[in-house]
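Counting convention: from 1, in listed order, for ligands and their atoms alike.
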Amino acid sequence: MGEKIRIGALISGGGTNLQAIIDACEDCRIDGKMAFVGSDQPGVKGLERARKHNIPSFVVEYGPFIKSYRQDPAHFALPDDFDFSEMLAKQHLFADDAPEDRVRAFFCTRAAAERRLLSEIEARGPIDLLVLAGFMRNLTPYFIDRFNTDPGNPRIINIHPAILPSFPGVDGYGDTFRYGCKVGGCTVHFIDYGEDSGPIIGQRAFPILETDTLDDIKRKGLEQEWLLYPECIQNFTRGLVKTVKMTHRLDDGQVYQRTVVTIAQPA
Ligand code: GAR
């Protein structure tokens with residue numbers, strides 16, 4: 001077994017994925033140690049889970065930042081190193097024709113909240129991997145670039161309740177159910193500048209029966225998530241997860257590039 005890596009988690013709710021990760025760390029199915037749990041929501045069950053396992057925790061609420069911007073956008077306290085045009089150039093969350101005041105409000109408030117998040121994280125010492133476990137906020141390039149200091153080695157990962165690229169967004173299982181899918185699933189992926197659009201590390205699927213309710217789909221999906229997330233994290237801790245840029249030439253001479261995550265076989 002190699003050295004244990006330090007893992008931080010961000011959550012917004014019940015934290016059943018967090019629990020699966022904590023249990024896997026404690027059972028040595030992940031060669032890692034939980035360094036902290038951060039939440040954007042106070043009083044959620046995930047924070048209680050952290051306390052039970054003596055994992056340091058903190059809360060950064062986004063609401064007060066959003067309220068303060070709405071009240072007085074001109075005097076809103078932005079981080080010193082925030083550059084709106086840089087955000088605009090990098091981001092993939094809004095279409096090019098989205099109203100600028102809406103986009104500005106989003107990136108200003110999120111960067112201010114993210115500055116606070118970064119300070120809370122830094123106060124708990126260096127970490128090797130940040131896992132989003134039911135964290136219901138999109139991270140912006142402001143946070144991502146300050147955390148991923150080596151662009152070739154991303155280290156923020158997320159679990160999403162659908163087989164991406166289908167059904168990104170806030171209600172993956174709901175969207176799967178409403179579409180009438182025969183198969184549902186979950187995806188672990190690296191975070192990039194878009195919504196649920198980063199390179200895919202792992203996926204699991206489950207069959208959907210005609211009689212399944214939305215609750216059945218959520219239950220089946222979570223059962224798969226609790227297996228998939230620890231598996232992917234352990235592959236990361238063992239250095240088996242590599243992001244590779246591949247170039248393909250089609251028969252007609254066209255060339256296209258894609259970014260693929262490869263999982264090496266353990267030695
Ligand atoms: C999970 O289903 C997770 O995939 C989803 O929230 C749920 C959190 O459950 N995440 C997202 O939708 C992220 N966009 P949990 O708090 O019990 O782990």
Side-chain angles (χ1 to χ4, degrees), residues 7-26 29-30 34 36-53 55 57-60 62 92-93 106 110 113-114 117 129-140 143-144 156-179 181 183-206 208 212-233:
I7 302 170
L10 294 180
I11 60 163
S12 298
T16 63
N17 276 290
L18 171 68
Q19 188 67 56
I21 296 165
I22 294 172
D23 292 346
C25 287
E26 291 185 353
R29 281 175 290 121
I30 294 177
M34 294 302 301
F36 66 79
V37 174
S39 172
D40 66 325
Q41 304 290 331
V44 292
K45 181 141 186 228
L47 288 169
E48 204 181 301
R49 295 178 193 275
R51 265 191 298 279
K52 252 193 194 152
H53 290 265
I55 301 166
S57 64
F58 61 82
V59 176
V60 175
Y62 281 43
H92 290 165
L93 294 170
F106 179 86
R110 294 323 184 265
E114 289 174 352
L117 266 183
L129 175 68
L130 181 63
V131 298
L132 310 184
F135 185 60
M136 300 308 281
R137 301 279 181 183
N138 284 311
L139 293 171
T140 75
F143 182 98
I144 296 168
I156 311 174
I157 65 177
N158 180 44
I159 188 150
H160 181 75
I163 303 185
L164 291 171
S166 293
F167 310 130
V170 294
D171 192 14
Y173 291 137
D175 292 339
T176 301
F177 175 69
R178 285 184 288 275
Y179 204 86
C181 294
V183 173
C186 49
T187 303
V188 171
H189 63 96
F190 282 113
I191 289 292
D192 69 0
Y193 297 150
E195 182 168 34
D196 303 320
S197 55
I200 290 173
I201 301 168
Q203 295 184 303
R204 271 181 172 259
F206 57 88
I208 297 175
D212 279 347
T213 62
L214 176 53
D215 280 345
D216 292 327
I217 290 176
K218 283 185 180 163
R219 177 183 46 76
K220 288 183 184 183
L222 276 169
E223 281 168 10
Q224 296 304 316
E225 292 186 36
W226 303 332
L227 298 171
L228 178 67
Y229 218 176
E231 239 169 59
C232 290
I233 294 171

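For atom 10 (N) of ligand 1, the closest non-hydrogen atom on the protein side is Ile159 O, 3.7 Å. At the shortest separation from atom 2 (O) of ligand 1 among protein heavy atoms lies Glu225 OE2, 2.9 Å. Scanning the protein for heavy atoms near atom 6 (O) of ligand 1, the closest one is Gly134 CA, 3.8 Å. Among protein heavy atoms, the minimum distance from atom 13 (C) of ligand 1 is reached at Met136 SD, 3.6 Å. From the protein, the heavy atom lying nearest to atom 12 (O) of ligand 1 is Pro161 CD, 3.4 Å.
Leu10 pairs in a side chain to side chain contact (heavy atoms under 4.5 Å, CB included) with only one of the listed residues (Val131, Val37, Leu132, Leu18), which is Leu132.
A 4.5 Å side-chain heavy-atom check between Glu231 and Val188 finds every atom pair outside the cut-off. The side-chain heavy atoms of Phe206 and Ile217, taken from C-beta on, include a pair separated by under 4.5 Å. Taking the side chain as every heavy atom from C-beta outward, Phe135 and Asn158 never approach each other to under 4.5 Å. No side-chain heavy atom of Gln203 sits under 4.5 Å from any side-chain heavy atom of His160.
Heavy-atom distances between Gly14 and ligand 1 reach below 4.0 Å in at least one pair. In this structure, Gly46 does not count as a contact residue of ligand 1, since none of its heavy atoms falls inside 4.0 Å of the ligand.
Less than 4.0 angstrom separates some heavy atom of Leu222 from each of these atoms of ligand 1: 2 (O).
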Would you tabulate the side-chain donor-acceptor contacts of residues 161-171 under 3.5 Å, counting partners in other chains and residues two or more places apart, or write 'none'?
| unit_1 | atom_1 | unit_2 | atom_2 | d |
| --- | --- | --- | --- | --- |
| Asp171 | OD1 | Gly174 | N | 3.2 |
| Asp171 | OD2 | Arg178 | NH2 | 2.8 |

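Residue Asn158 has no nitrogen or oxygen atom sitting less than 3.5 Å from a nitrogen or oxygen atom of ligand 1, judged on distance alone. Below 3.5 Å of separation, one finds an N or O of Gly15 facing an N or O of ligand 1. At least one N or O atom of Asn17, backbone or side chain, sits closer than 3.5 Å to an N or O atom of ligand 1. Of the N or O atoms in Asp196, none lie within a sub-3.5 Å distance of an N or O in ligand 1.
Residue nearest to atom 15 (P) of ligand 1, selected from Ile11, Thr187, Thr16: Thr16 (by heavy-atom distance).
Considering all non-hydrogen atoms of both residues, Cys25 and Ile7 come closest at SG-CD1, 4.3 Å.
Phe36 and Phe58 have tilted rings, their planes meeting at an angle from 30° to 60° on a 0 to 90° scale.
A donor-acceptor contact closer than 3.5 angstrom links the side chains of Gln19 and His53.
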